[in-house]
Each structure stands twice: as C-alpha cells, then as structure tokens.
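Right, one structure below, let's go through it.
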Amino acid sequence: MREKRVSVLTACVMCLMALAVGVAGSYAAFAWPNRAVQSKLHEIDDITNRVFVGDIDQEKLADYAATGYVAGLEDKWSYYMTAEEYEEYSLSSEGKTCGIGVSVVSSDKEIRVSEVYDDSPAEKAGVEKGDYILGADDKTTEKDGASEVISAVAGEEGTEVSVTIRKGETGEQKTLAMTRAMVVQRISWGEMLEDQIGYLRIASFHAGAAEQFKAALDGLIEQGARALIIDVRRNGGGRVTELSEALDPLLPEGTVMTLRTREGKETVYSSDAEMIDLPIAVLIDERSISAGEFFPAALQEYGRATLIGTHTTGKGRAQQTFKLSDGSAVNLSEEEYFTPKGVSLAGKGIAPDIEVNLTEEQRKNFYFLEPEEDPQLQKAIEVLK
C-alpha cells in the first residue's frame, strides 16, 4: 500500500512539473520579448473588441500595428511592407517590373513617361519618353487622380490594359491596348557627348546595374571616349555588391566599402588593381542616397573624380529585408557602412567639389532636360574640357 501511495504521489508531482514546464514553454513560445508592446497592444485590442461599433478588418489592423511598431524605432530607413508592397519591392530590387514597361514622374493630376524600357509592351505600342498618360481602363487622371491611374496600369503578367496617352511633342491623343509583361528595367546606359566625352547614367544599384554599367562603359571606350561623366543624381541606392562591381573598373586596388554589424563584425568590399585611367566627373544631388552617394564618395576619396552638383542625402546604414509568414516584410537597418577611408556619411552626406544648383523649373523637369538645358552637366563638360 505504501509503495502504491508513493507511486501516486510521484505521479502527481510529475504531472504538476509537466504542467509547469508546458505553461512556461507556451509563454516562451507566444510571449513577446518586449512586454511593454505586448501589454499595450493586448489592452487596446481587448477594449476595441468590446466596445468598437464599426467593422474590424483584422488584416488591416495587423498591417497598421506593424507599421507603427517599425516607425517607433525612429529610424527613417527601416519600414514595414504589406504583402503586395513586398512583392512589388522584390521585383524592383531584382531589376524587373511587371506592367507595360515604363518609369513615370507624377503629380496629383499628371503622369509623364520618363523612361521606356527596351522590348517592353509600351515600346512596342509606340509610347515614348515625354508622353503623358491620361488614363487606364476606366480610370482617368482628371477624374480619379494620378495614383489611381498608375494602379490601373499595373497588373498581372499576361493581362490586358487599355492606356490613353497624349504625345509629348504633338499633343495627339491615342488609346493603346497592351498586354502586361515582365520587363527588365533599364538601370544604366550611356551616350557620347561633344569632344568625345562619354556620359553614363546610373538610375539605381538594383540587380543588373553593374552589368549594364560596365557594358555601357565598354561601349563608350570602344568609341574612343577620352573622359567620363557619371550621373548618379536621384539615385536611390540598391545593393552593395552592384555598387562594388560598378566601381571596380574605375578604382585602383583597395577598399571600396566596409559594412559593420552591431556586434562589430565587418564585411569589406574591395577593388582589384586593373583600372580605366580616364578623367571622371560625377554628378550628384540631394537625392543621391545610400549606394548613390557612396559611389561618388569612393571616387572622391581615391582622387579619381571631380564631384559636381549639390550635397547628397547622408545615409549611413544598410538594410536587410525579412519576409514574414503572411507574405509581408520588414526592412530593418542591420549594418552601418563606411567609405574607403572609414568615414560614415550618416546625417552628413558628401559635398560636391563644385556646387551647381538647378532652378525649381529645372528640378521639376529633370528627366526631360536636354544636355544644353542642364547646368550641372554643362559644368562637368566644361571641367573635363
């Protein structure tokens, strides 16, 4: 009898211990490390579910809560993306887009085509840089606004869209039927200017930028370029690997950029000794961001280029994107990065060697300026002459 009683007691004790371990495990699995956030959101959610008289969209609430959480980090480079936004972001960072194959600039009631991608539905339909998009399907800029029309132009690969445009040169209005397709973005390209000065534009450092840049660079050298102008104005940045590969043919052997985590772990990107030794001017502005300002910073520190334009943004952190279980994502600052000389650009950016400003009208029409209408470009030509 005593042996049985001990066995039962032991069993009871073991059950209680198992229950305690289970509760602790559940808490560890589901409790937030940040108790303040958990407590506040739980309290708000409880009150809302008890008293709120309107309809509650749980998914929208979750998106807004996530947006607020990341905003609370007070880091302007970190942000939350919905599943739809993340899908679009992923395509863009891969140097691709799904749609009719154009880049645009827009205001509330106006959309103007700033770039038409090669072999795109838009190019095949006759859309040209400078054309205005007036509407898509049943949406118009006049009635619905630019953002609604831009959304109507976007869509799934293989679907059709009817786009109304007004030609930039003649003012002629046309309605064009196009089938949306996956298109490779035109990120970098070049052309020969006067006095055998090669002009190279880098719009971003998304996937494919370095390959396109080096192809354009090689083409200009084959044509006999004696100097180079590289334009990274309004370049919003991109991948460090693309930046490093694009800089490699322009720099001597050495460090291109250093990235450092909060634990102090460093990743160093370098260039080799092979270098194209031509005079270089780089065009920069207040919208040259991240890789878009580290590119000219590296050339400046190695004494390889004259920087012309206006002061850059001043971004000093690299982000990593983390996809969440529902398809949404957070883009969080994960590393700090430094120029070849170990300088952080955070909050200060880089100043041009020669400051040249655009007028408000020139900034508004930036993508449509002819070379002779662009004072920053003209100053670069003058310097290289």
Side-chain angles (χ1 to χ4, degrees), residues 76-77 105 114 187-205 209 213 216-217 220 225-238 243 246-247 250-251 256-257 276-317 337-385:
K76 65 180 180 178
W77 309 115
V105 292
S114 58
I187 302 173
S188 183
W189 60 93
E191 64 176 300
M192 192 69 79
L193 303 178
E194 58 187 275
D195 294 328
Q196 291 301 103
I197 296 175
Y199 169 85
L200 291 147
R201 168 73 176 154
I202 311 176
S204 74
F205 285 99
F213 173 75
L217 176 62
L220 289 171
R226 66 168 191 82
L228 302 171
I229 296 172
I230 305 174
D231 190 349
V232 292
R233 293 175 295 179
R234 304 198 180 194
N235 181 312
L243 163 71
L247 277 170
L250 306 175
L251 293 177
V256 170
M257 175 184 276
I276 296 167
D277 191 13
L278 292 176
I280 301 172
V282 182
L283 303 180
I284 60 175
D285 66 7
E286 63 281 357
R287 290 170 65 178
S288 299
I289 303 172
S290 189
E293 54 191 328
F294 274 82
F295 181 90
L299 290 166
Q300 186 183 54
E301 288 189 352
Y302 275 102
R304 290 287 294 120
T306 301
L307 308 190
I308 298 169
T310 54
H311 207 288
T312 66
T313 298
K315 183 172 181 279
R317 293 177 174 178
Y337 41 38
F338 302 87
T339 67
K341 291 185 176 180
V343 177
S344 171
L345 302 183
K348 57 185 179 182
I350 52 172
D353 298 304
I354 302 173
E355 184 173 352
V356 179
N357 288 283
L358 300 182
T359 66
E360 186 175 343
E361 187 67 20
Q362 287 167 339
R363 285 195 296 272
K364 178 182 176 183
N365 293 306
F366 174 79
Y367 292 104
F368 311 104
L369 294 176
E370 295 296 331
E372 61 274 12
E373 300 171 332
D374 185 342
Q376 294 169 336
L377 176 60
Q378 288 303 310
K379 174 56 72 173
I381 293 171
E382 177 189 324
V383 167
L384 291 175
K385 280 183 176 180

Measure across [X] and [Y] and return the closest heavy-atom pair with its distance rounded to 0.1 Å.
X: G190; Y: A216; result: N-CB, 3.8 Å
X: T310; Y: E286; result: OG1-OE1, 2.7 Å
X: I229; Y: A380; result: CD1-CB, 3.7 Å
X: S204; Y: A209; result: O-CB, 3.4 Å
X: A298; Y: L247; result: CB-CD1, 3.9 Å

Applying side chain to side chain contact (heavy atoms under 4.5 Å, CB included), name anything that partners [X], two or more places apart in sequence or on another chain.
X: R287; value: R234, D285
X: T312; value: I284, S288, E293, I350
X: E301; value: T339, P340, K341, V343
X: A225; value: M192, L220, L228

What's the verdict on side-chain contact (heavy atoms from CB on, under 4.5 Å) for D195 and L193, showing C-alpha distance, side-chain angles and the deciding distance?
-> CA-CA 7 Å; D195 294 328; L193 303 178; over 6 Å; no
Separation of [Y] [atom2] from [X] [atom1] (nearest 0.5 Å):
X: T306; Y: L384; atom1: OG1; atom2: CG; result: 7.0 Å
X: L299; Y: I230; atom1: CG; atom2: CD1; result: 6.0 Å
X: R201; Y: W189; atom1: CZ; atom2: CH2; result: 5.5 Å
X: I202; Y: L283; atom1: CD1; atom2: CG; result: 11.0 Å
X: E191; Y: I197; atom1: CD; atom2: CD1; result: 12.0 Å
X: L345; Y: I289; atom1: CG; atom2: CD1; result: 12.5 Å

[X] side chain near [Y] side chain, heavy-atom distance below 4.5 Å:
X: I308; Y: V282; value: no
X: L307; Y: I354; value: no
X: E355; Y: H311; value: no

Scan for ring pair (Phe, Tyr, Trp, His ring centres under 6.0 Å) pairs involving residues 343-365, sequence neighbours excluded, and state none if there are none.
-> none
Could you give all pairs that pass the ring pair (Phe, Tyr, Trp, His ring centres under 6.0 Å) test and reach residues 289-310, with sequence neighbours left out?
->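 For residues 289-310, and leaving out neighbouring residues, the ring pair (Phe, Tyr, Trp, His ring centres under 6.0 Å) pairs sorted by first residue read F205-F295, F294-Y337.
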Test side-chain hydrogen bond (donor to acceptor under 3.5 Å, both in side chains) applied to Q196 - qualifying residues, sequence neighbours left out | none
By side-chain hydrogen bond (donor to acceptor under 3.5 Å, both in side chains), which residues pair with Q362, not counting sequence neighbours?
-> T359
Can you sort out the partners of E382 under salt bridge (Lys or Arg N to Asp or Glu O under 4.0 Å), two or more places apart, ordered by chain and number?
-> K379
By salt bridge (Lys or Arg N to Asp or Glu O under 4.0 Å), which residues pair with K76, not counting sequence neighbours?
->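 Not a single residue meets the salt bridge (Lys or Arg N to Asp or Glu O under 4.0 Å) criterion with K76.
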Sorted by first residue and then second, give each side chain to side chain donor-acceptor pair (under 3.5 Å) pair with at least one member in residues 344-353; sequence neighbours left out.
-> Q300-D353
Using a 3.5 Å distance criterion without hydrogens, assess whether the side chain of [X] forms a donor-acceptor pair with backbone atoms of [Y].
X: S290; Y: K315; result: no
X: R226; Y: L278; result: no
X: S114; Y: Y367; result: no

Candidate pair D231 and L200, rule side-chain contact (heavy atoms from CB on, under 4.5 Å), full reasoning = CA-CA 6 Å; D231 190 349; L200 291 147; over 6 Å; no
side-chain contact (heavy atoms from CB on, under 4.5 Å) between I381 and Y199, worked out = CA-CA 10 Å; I381 293 171; Y199 169 85; over 6 Å; no
Validation: residues 368-376 side-chain donor-acceptor distances under 3.5 Å, sequence neighbours left out:
| unit_1 | atom_1 | unit_2 | atom_2 | d |
| --- | --- | --- | --- | --- |
| E373 | OE1 | E370 | N | 2.8 |
| D374 | OD1 | R233 | NH1 | 3.1 |
| D374 | OD1 | Q376 | N | 3.1 |
| D374 | OD1 | L377 | N | 3.2 |
| D374 | OD2 | R233 | NH1 | 3.1 |
| D374 | OD2 | R233 | NH2 | 2.8 |
| Q376 | OE1 | R233 | NH1 | 2.7 |
| Q376 | NE2 | V356 | O | 2.7 |

